[in-house]
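One-based numbering, in listed order, for ligands and for the atoms of each.
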Amino acid sequence: MAATDIPAFPAGFVWGAATAAYQIEGAVDEGGRGRSIWDTFAALPGKIARGDTGEVACDHYHRYRDDVALLKDLGVGSYRFSVAWPRIQPDGKGPANPEGLDFYSRLVDELLGAGITPCLTLYHWDLPQALEDAGGWRVRDTAERFAEYAGIVHAALADRVPMWITLNEPYCSSFIGYAEGRHAPGAREGHGALAAAHHLLVGHGLAVQAMRAQAHGGEQLGITVNLSHVTPATQDAADVAAAARNELLLNRVFTDPLLAGRYPAGERELWSPISDFSFRRDGDLELIGQPLDLLGLNNYFPSYAKHAPTADEDPAYRVATDVNVVEAPPAELSRTAMGWPVEPAGLGRLLRWLRDEYPGLPPIYITENGSSYLDALAPDKSVDDPGRVAYLDGHLRAVRDAIADGVDVRGYYCWSLLDNFEWALGYAKRFGLVYVDYPSQLRIPKSSYHWYRDLIAGR
Ligand code: FCB
């Protein structure tokens with residue numbers, strides 16, 4: 001599969017790679033960093049596969065220069081990373097910790113020196129533990145604290161960072177963290193998870209306001225949502241209705257307020273048994289729907305929704321993600337090591353759905369897309385990952401087709417530059433273009449890295 005066979009992308013298209021702080025940095029007790037909900041969650045027995053934690057991760061905190069050298073060699077025009085809030089405000093409030101800001105300032109300078117545009121995500125899930133102790137995203141105060149934090153980081157780095165993403169995947173922070181409990185803080189709630197989703201969006205709006213108020217001019221501000229195109233598993237009325245519920249849960253809870261200035265139709269019918277939505281205030285839709293310069297889109301696989309009985313009939317035990325749906329993808333689709341179905345056309349459908357559903361949509365940057373496979377280090381110290389190459393090839397062709405069809409996609413960031421701490425699944429799941437041999441911390445570019453480098457070089 002020669003990378004050069006992929007049709008040309010528009011001039012100026014941004015090629016990138018992405019990571020996130022807790023997944024790569026390690027050094028959790030250095031530089032004055034406070035504790036985050038992921039430190040706490042990872043220390044609880046049974047929460048993370050094999051008991052892995054982010055304590056050392058890829059040791060990027062100490063090796064960031066080597067990692068920027070890898071990015072430079074890869075030839076990317078931009079690098080998406082996240083700032084760890086507890087490095088900047090160890091307790092989630094109060095004055096900035098200069099050592100924390102200094103780390104990201106050095107990283108940004110290193111990137112600029114390598115000719116790489118920094119794309120900064122303010123929140124990739126590592127909430128300061130002190131804020132969780134005060135209610136976390138269930139309470140509105142966390143949204144206010146987030147805006148304060150955004151203002152601090154923006155004031156320190158916006159002279160050199162042109163791309164700003166407030167939140168990464170509020171779906172995961174709210175519904176996986178507060179309803180499913182598979183992610184930190186590990187709660188299993190109905191109302192609390194819906195409140196978290198709302199307060200994350202309010203925090204986004206407040207952060208955009210705070211940054212606009214002190215903007216230098218050229219910065220682009222946006223948010224990254226993870227969305228899936230949803231298809232009913234069959235044409236049975238029950239599955240068609242299940243697909244509508246899944247589209248509401250996965251996508252519209254976020255995209256309708258952000259992009260259309262409304263709360264999604266059907267939410268009251270779905271969730272009134274578990275929530276009275278009392279966390280909402282007048283004016284919140286205006287706050288959430290601030291004009292954006294970019295929409296970050298993360299996508300890994302499409303959803304095929306099948307009706308399934310709810311797990312808990314008693315509303316008191318219902319979590320917000322229990323919407324009577326199970327995933328039933330076509331059996332012929334292959335799966336990654338995550339068990340996720342591989343269907344590049346699903347990304348194409350999602351891009352067209354966004355365009356058709358939300359007129360006036362800001363330009364889209366695909367801020368994550370990639371795959372996990374069982375990569376192995378060969379005796380000659382190479383890593384051949386044909387599955388990942390095929391995945392990238394298929395998805396980039398789907399993006400290219402969607403652009404030809406009029407969808408305004410401006411960039412693509414591969415997840416991920418490095419193998420890293422894959423949250424509840426720990427280090428066993430590898431997503432990197434670069435293999436990390438954790439005991440030695442050696443970085444070994446996989447064949448997908450060389451493929452992606454050829455692709456970028458050929459543009
Ligand atoms: C996304 C996360 C990212 C990574 C990928 C595989 O949901 O944003 O940190 O874990 O999935």
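- Listed by number with element, the atoms of ligand 1 under 4.0 Å from a non-hydrogen atom of Gln23 are 3 (C), 4 (C), 9 (O), 10 (O).
- In this structure, the protein non-hydrogen atom closest to atom 10 (O) of ligand 1 is Glu422 OE1, 2.6 Å.
- At a heavy-atom distance under 4.0 Å, no atom of Asn226 approaches ligand 1.
- In this structure, Asp133 places its CG atom where more than 12 heavy-atom neighbours from other residues, nucleotides or ligands lie under 6.0 Å away.
- The protein heavy-atom contact nearest to atom 3 (C) of ligand 1 is Glu368 OE1, 3.3 Å.
- The contact set between ligand 1 and Phe431, taken as ligand atoms under 4.0 Å from a residue heavy atom, comprises 6 (C).
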Kindly determine whether Asn168 and Thr121 satisfy side-chain hydrogen bond (donor to acceptor under 3.5 Å, both in side chains), including the steps that lead there. CA-CA 7 Å; Asn168 177 71; Thr121 301; 5.8 Å; no
Does the pair Leu433 and Lys446 meet the rule for a side-chain contact (heavy atoms from CB on, under 4.5 Å), with working shown? CA-CA 6 Å; Leu433 296 167; Lys446 304 177 191 176; 6.0 Å; no
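- Nearest protein heavy-atom contact of atom 7 (O) of ligand 1 is Glu169 OE1, 2.5 Å.
- Taking any N or O of Trp340, backbone or side chain, none lies under 3.5 Å from an N or O belonging to ligand 1.
- The ligand atoms of ligand 1 that sit less than 4.0 angstrom from a heavy atom of Asn168 are 8 (O).
- Closest non-hydrogen pair, Glu25 versus Ala84, comes out as OE1-CB, 4.1 Å.
- A cation-pi geometry, defined here as NZ or CZ lying under 6.0 Å from the six-membered ring centre and within 45° of its normal, holds between Arg87 and Tyr61.
- Looking at Trp423, Tyr22, Trp125, Tyr300, it is Tyr300 that brings a heavy atom closest to atom 5 (C) of ligand 1.
- Asp73 places a side-chain heavy atom less than 4.5 Å from the side chain of Tyr449.
- At a heavy-atom cutoff of 4.0 Å, ligand 1 is contacted by the side chain of His124 but not by its backbone.
- Glu368 is linked by a side-chain hydrogen bond (donor to acceptor under 3.5 Å, both in side chains) to Arg80, Asn298, Tyr300, counting only residues two or more places apart in sequence or in another chain.
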